[in-house]
Protein chains: 2
Amino acid sequence: MLANPRSDRIQAVRALTKRSVRARTGRFVVEGPQGVREAVRHAPERVVDVYATVASARRYADDIIEPARAAGLYVHEATDEVVAAMGDADSPQGVLAVVSDASPSLDEVLAAEPGLLVLLAHVRDPGNLGTVIRAADAMGADAVLVSQSSVDVTSPKVVRSTAGSLFHLPIVRGLPVESTLHRLRAAGIRSLAADGHGTRQLPDVDLTGAHCWVMGNEAWGLSEELRAACDAVVRVPIHGPAESLNLAMAATICLYASADARHHGDTRDPTRGTDTA
Amino acid sequence: MLANPRSDRIQAVRALTKRSVRARTGRFVVEGPQGVREAVRHAPERVVDVYATVASARRYADDIIEPARAAGLYVHEATDEVVAAMGDADSPQGVLAVVSDASPSLDEVLAAEPGLLVLLAHVRDPGNLGTVIRAADAMGADAVLVSQSSVDVTSPKVVRSTAGSLFHLPIVRGLPVESTLHRLRAAGIRSLAADGHGTRQLPDVDLTGAHCWVMGNEAWGLSEELRAACDAVVRVPIHGPAESLNLAMAATICLYASADARHHGDTRDPTRGTDTA
């Protein structure tokens with residue numbers, strides 16, 4: 001039983017709240033039962049250690065602790081105070097895991113011939129990034145691509161807001177946006193900028209072929225150059241006096257429309273405009 | 001120029017961060033240029049006072065200050081410290097307004113023969129409520145209905161996350177869920193529960209007629225009784241290993257699908273199941 005919140009081990013885990021320490025060690029922390037369960041289930045090879053309070057070890061015996069032990073992982077029991085001290089959450093949930101980082105390359109993702117991707121260009125808000133990863137997972141995207149100068153995917157707030165989706169699909173990081181758009185085009189994947197000033201409306205765009213949604217920064221969107229480098233600029237139609245949708249809402253809607261087209265086929269009224277650029 | 005952050009006036013505004021004070025005075029605070037601008041534009045009769053720093057008064061002269069004065073509103077210049085002291089935001093944006101609360105009745109909303117509504121049952125997270133109000137606005141909903149024991153619509157976090165949408169459409173509050181469902185049915189409005197365990201998939205549901213999305217609590221969803229009291233229980237199809245979408249994402253997708261059906265008509269492949277309950 002780990003009982004000393006000031007021990008070196010606990011302090012070393014706590015230090016992973018700092019980006020520089022995560023970068024140096026190649027590790028980060030997943031807090032709460034949902035995230036830890038998905039890590040143990042979907043990426044046990046990345047789990048370094050699991051820490052749980054006595055109450056949590058009992059509560060999550062079947063869906064976290066036993067599967068973790070069966071996968072040969074170390075499960076440490078610790079006091080409530082120790083588990084709280086290791087994490088960053090305002091309301092500690094009694095279980096966390098240290099996992100090793102994994103950043104697959106764009107080459108690996110493209111080699112698998114993806115049908116649906118999302119590229120986040122200079123996204124700064126952790127909640128937005130986490131929500132888009134979660135939406136991409138739910139809508140069956142093959143990977144999420146994250147640009148240079150976006151928020152760090154392994155930061156505690158991003159990890160929390162992905163609700164475990166972080167372990168469900170490849171997340172490629174540190175990409176330069178413009179050359180990534182060239183790579184996508186060379187791979188036969190259409191790039192669709194999602195932008196409130198788009199010239200095409202979402203329901204009119206053919207989403208049955210391989211494509212990648214490109215989402216810009218929360219405040220300033222995508223630059224004119226980047227919009228021009230995409231194959232189409234698409235807007236979600238706004239029907240009320242609202243000026244726009246936020247980034248996470250727009251991405252969620254675009255990814256839903258993609259999933260709908262891919263799984264049901266594009267069987268809408270043929271008199272509606274289609275886009276085959 | 002208001003310069004004393006401890007003056008009675010400033011303290012009285014600051015006190016509006018408390019729910020009990022808002023309830024007693026019937027007033028609340030809108031912070032930041034987007035929210036204040038939308039209040040001045042769309043609900044000037046509700047604006048009691050506008051406060052702005054010198055820099056903000058200059059910066060937002062055309063889109064907030066002049067329109068406010070033209071509408072006969074009081075605009076007070078105040079120091080940065082005073083504006084920061086009045087509000088709740090971590091990063092004060094130099095402009096805020098005190099507005100009077102307005103809670104239209106369900107009768108008023110139904111009298112206008114609404115085509116698209118959303119009913120939030122026991123929603124507790126301010127960000128979720130704000131995002132759903134914003135999505136409802138953007139997707140052309142006629143009103144948002146909020147149940148008893150949901151988070152207070154006038155709390156600073158909700159107001160902020162609506163990004164001004166709060167002033168674009170009626171928001172009815174304090175509703176008992178079950179009798180509201182009866183009222184909707186009597187008015188010929190179908191109630192569609194959005195629930196991950198729904199028996200119908202969103203793309204297969206006919207959304208061209210008048211309907212109301214019913215969203216449950218973040219953690220426990222809708223009770224079996226409430227689901228049974230709705231005309232259909234609808235799920236957004238999940239295509240990846242993600243377990244579910246969060247409340248705001250699900251509501252955004254459902255409202256998008258409604259707007260799409262209402263504005264483009266239901267022109268999909270007739271071999272797909274339709275729901276005319």
Side-chain angles (χ1 to χ4, degrees), chain A residues 34 37-38 41-42 116 127 130-142 161-169 196 201-204 236-246 248-272, chain B residues 34 37-38 41-42 116 127 130-142 161-169 196 201-204 236-246 248-272:
Chain A
Q34 194 173 17
R37 188 182 60 233
E38 297 309 298
R41 262 190 209 165
H42 292 270
L116 178 58
T131 302
V132 174
I133 291 171
R134 190 170 172 183
D137 176 21
M139 295 303 141
D142 297 292
S161 60
T162 70
S165 286
L166 194 58
F167 302 105
H168 293 165
L169 76 175
Q201 296 210 80
L202 179 60
D204 300 332
V236 177
I238 302 285
H239 299 285
E243 280 175 68
S244 64
L245 299 164
N246 71 28
M249 293 159 79
T252 300
I253 289 173
C254 290
L255 288 162
Y256 167 76
S258 295
D260 189 36
R262 285 154 47 87
H263 292 271
H264 285 94
D266 194 8
T267 52
R268 296 182 169 211
D269 181 354
T271 62
R272 283 167 67 169
Chain B
Q34 195 172 17
R37 188 182 59 231
E38 298 310 298
R41 261 189 208 165
H42 293 269
L116 177 59
T131 302
V132 175
I133 290 172
R134 190 170 171 183
D137 177 22
M139 295 303 141
D142 297 293
S161 59
T162 70
S165 285
L166 195 58
F167 302 106
H168 293 165
L169 75 176
Q201 296 210 78
L202 177 60
D204 300 331
V236 176
I238 302 285
H239 299 285
E243 278 174 69
S244 64
L245 299 164
N246 71 28
M249 293 159 80
T252 300
I253 289 173
C254 290
L255 287 161
Y256 167 75
S258 295
D260 190 36
R262 285 154 47 88
H263 292 270
H264 286 93
D266 195 7
T267 53
R268 296 181 169 212
D269 181 352
T271 62
R272 284 168 66 169

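These numbers were taken from a predicted model, which means no experiment stands behind them. Just the heavy atoms: all of them, side chains too, but no hydrogens, waters or symmetry mates, feed the values below. A note on names: the letters A, B, ... follow the listed sequences, proteins ahead of strands, and every chain is numbered from 1.
Highest contact tally toward chain A, considering only B:Q201, B:H168, B:H42, is held by B:H168 [criterion: heavy-atom pairs under 4.5 Å]. Between chain B and the options A:T162, A:N246, A:T131, the largest number of non-hydrogen pairs under 4.5 Å is found for A:N246. Among B:A141, B:G240, B:A135, B:A136, the residue with the largest count of heavy-atom pairs under 4.5 Å with chain A is B:G240.
Below 30°, between 30° and 60°, or above 60°: for B:H239 and A:H263 the angle between ring planes is below 30°, a parallel geometry.
For a residue to count as touching a neighbouring chain, one of its non-hydrogen atoms must lie under 4.5 Å from one of that chain's; by this rule A:S244 touches chain B with backbone and side chain alike. Contacts between A:T252 and chain B at a heavy-atom distance below 4.5 Å involve backbone atoms as well as side-chain atoms.
Residues forming a side-chain hydrogen bond (donor to acceptor under 3.5 Å, both in side chains) with B:S258 (at least two apart in sequence, or on another chain): B:H211, B:W213.
Heavy-atom minimum distance, A:M139 versus B:P237: CE-O, 3.8 Å. Of all heavy-atom pairs between B:A242 and A:S165, the closest is CB-OG, 4.1 Å. In terms of heavy atoms, A:R134 sits closest to B:L245 at NH2-C, 3.6 Å.
Between A:C254 and B:Y256, the closest side-chain pair of non-hydrogen atoms is not below 4.5 Å.
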